[in-house]
Amino acid sequence: MTRGKRTYLLAFMASLAVFGAVVAWRILVLPAPLAFAGGHEVALSEFAGRIPTGVPKELDGASQLAKGKYLTEAADCMACHTAKGGQPFAGGRPFKLPFGTLFTPNITPDRETGIGEWTDAEFLRAVHKGISRDGTRLYPAFPYASYSLMPDEDVLAIRRYLATVPAVKMANQPNTFSFPYNQRWLMSFWGAFFNPGKPFQPIAERSAEWNRGAYLVEGPTHCGECHTPRNLAQAMDTRRKFAGGVAEGWNAYNITSDPSSGIGRWKPEEVIAYLKTGHAPGRGVASGPMAEAVELSLSKLTRSDIAAIAEYLRTVPGRTTATTPKVAAAAPSRPTAGAGYKSNGARIFADACSGCHTWSGRGAMVGEAQLTGNRAVNDATAANVALMMLNGAGKPGNPRRFMPAFRHSYTDQEIAEVANYVTARFGSKPSKITAEEVGHLRQE
Ligand code: HEC
Ligand code: HEC
Ligand code: HEC
């Protein structure tokens, strides 16, 4: 090799190494949850306003148990630790991941199959660090990277409450992960890089309300676990904080302050109504995992806590997301006025959807059925529209919130055609979802 060639090769390899280091650094070193806010983090005891952790002021006089219940609901432990139709907190809910299925464990006080025998220290270590009683590393599908922001006192209040729920004897189910994903010890590296591992510290320059919202959002209510995109290492990519993630096949939309892709145009009352009731008139309804978060957790929070969450969200820097562009205005009310009226999707929409949703999208009778202004129909992947058709919403008997499931009425191809018609008619960017993609969503 000539000298020139060798220098060239060395320079090439050096630049490759630098590139690799930059990529690794981008993946491994992520901004802290509150880094965007600037200001100074101070210890809880040094904060000038009301301490942002614990329960809201409405519960100051409540019993220890009532406080523990409130925090357990805020952290939504029940949603994941209860199987469909199963006993509360007894575990067994499956989480389908690309490399296998993970089942939640039993966290009832049963001494054999639950956590009845665990000490407080063991419980704290699990919730803060993702380490089980026997030292086994837990997967971050258990959102301990968020829960690590909760001070010991709050986690132990949850522990006290969990000790009072009915004990259920039900053995934990092993996961079906294949090699190398079944190597739990690898999670210790994950934790070292991606678990902040220190309790919440308020920002001195911000109001007590903002800090309360920051605590709830980043800690117990773990919004980012669904709403923040994940990087290659499956860590929340806080550089694109709240720019939209995926939860069990559903798109958990951009909730940054961006006016087009995010919720920057929503009024605070609209955010509050959406979180508290699952519906903000003119903005849409919460479906899928968000409907569950509202039902089991957010609807149980006090108004002051929901208002604090809205106040904090307002300040999260805007980020755009290609699949969620600006929201479209109402469609024409004449069926034939829109594009694709002769398509198969339009024919099915006429039969199965237009009665409740109308051709303009403004909805017939109930505000919940309005599609105009709704993010799902303005989502260029159409995933949530397809999931909505597959699964429906609510229960018969609640006319405001009920939509039947069409899983057995239509093929994957038909559902894809309707979803593409719906986004083209009611949204600003038509989708191109395929029958194959609908097939995957059907399995979720
Ligand atoms: C988003 C879903 C989710 C939520 C919310 C959740 N967990 Fe879990 N949790 C899991 C999963 C999944 C595992 C098992 C992880 C594994 O096997 O690696 C787990 C494991 C645990 C364990 C370890 C049990 C054992 O036997 O090793 C404890 C304790 C626990 N969770 C308590 C809680 C508490 C308390 C809350 C609420 C503060 C909570 N979890 C909320 C998903 C969740
Ligand atoms: C378990 C996952 C999950 C968690 C936790 C979660 N969300 Fe969501 N969220 C979703 C999904 C999925 C959607 C889309 C629902 C739909 O299409 O109807 C959504 C929708 C939303 C929307 C509506 C966005 C729009 O443009 O229509 C807002 C606002 C929102 N979430 C805020 C929050 C906040 C604030 C938190 C924490 C307090 C939170 N979410 C926690 C999954 C989640
Ligand atoms: C019986 C009346 C009814 C029929 C028929 C119906 N829907 Fe709905 N739909 C509703 C109601 C009510 C809601 C609001 C549900 C809620 O509050 O959670 C809704 C919500 C939706 C949403 C919003 C989901 C979100 O995440 O924001 C979409 C999209 C949707 N429907 C599409 C369709 C399509 C496509 C069809 C035809 C295949 C259809 N609907 C048929 C009543 C209906």
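Numbering of ligands and ligand atoms starts at 1, following listing order. Just the heavy atoms: all of them, side chains too, but no hydrogens, waters or symmetry mates, feed the values below. Worth saying up front: this structure is predicted, and the values here are computed from it rather than measured.
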Just heavy atoms, cut-off under 4.0 Å: does Asn384 contact ligand 3 by side chain, backbone, both, or neither?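 For Asn384, there is no contact with ligand 3 at all, from either part.
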
Could you tell me whether Phe406 approaches ligand 3 through its side chain, its backbone, both or neither, with non-hydrogen atoms closer than 4.0 Å?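 Side chain only.
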
Geometry only, no angles: is Trp250 polar-contacting ligand 3 at N/O separations under 3.5 Å?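 Such a contact does not occur with ligand 3.
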
For ligand 3 and Glu368, I'd like to know whether there is a polar contact (N/O to N/O, distance under 3.5 Å).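 Checking ligand 3 against Glu368, no N or O pair falls under 3.5 Å apart.
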
Less than 3.5 Å between some nitrogen or oxygen of Ser287 and one of ligand 2, yes or no?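 Between Ser287 and ligand 2 (N or O atoms, distance only) the closest approach is under 3.5 Å.
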
What do you reckon, does [X] put a non-hydrogen atom under 4.0 Å from ligand 3?
X      : result
Pro404 : yes
Arg400 : yes
Gly284 : no

Which of the numbered atoms in ligand 2 are below 4.0 angstrom from a heavy atom of Arg375?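 Once the distances to Arg375 are compared, the set is 25 (C), 26 (O), 27 (O).
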
Which ligand 2 atoms, with their elements, are less than 4.0 angstrom from a heavy-atom of Asn251?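 So the atoms of ligand 2 that pass are 11 (C), 12 (C), 13 (C), 14 (C).
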
Counting no waters, how many protein N/O/S atoms sit under 2.8 Å from atom 8 (Fe) of ligand 3?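 Number of qualifying protein atoms: 2.
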
Residue and atom name of the nearest protein heavy atom (relative to [atom]), distance in Å to one decimal:
atom                    : result
atom 2 (C) of ligand 2  : Cys226 SG, 1.9 Å
atom 21 (C) of ligand 2 : His227 CE1, 3.5 Å
atom 34 (C) of ligand 2 : Cys223 SG, 3.5 Å
atom 42 (C) of ligand 2 : Ala252 CB, 3.6 Å

Can you give me the closest heavy-atom contact between Cys353 and Val418, atom names plus distance?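 Where Cys353 meets Val418 most closely, the heavy atoms are SG-CG1, 4.3 Å.
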
Within this structure, what is the OG1-CD distance for the pair Thr302 and Glu58, rounded to the nearest 0.5 Å?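 Going from the OG1 atom of Thr302 to the CD atom of Glu58 covers 4.0 Å.
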
Considering Tyr253, Phe242, Tyr274, Trp266 one by one, which has a heavy atom nearer to atom 22 (C) of ligand 2 than any of the others?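 It is Tyr274 that holds the nearest heavy atom.
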
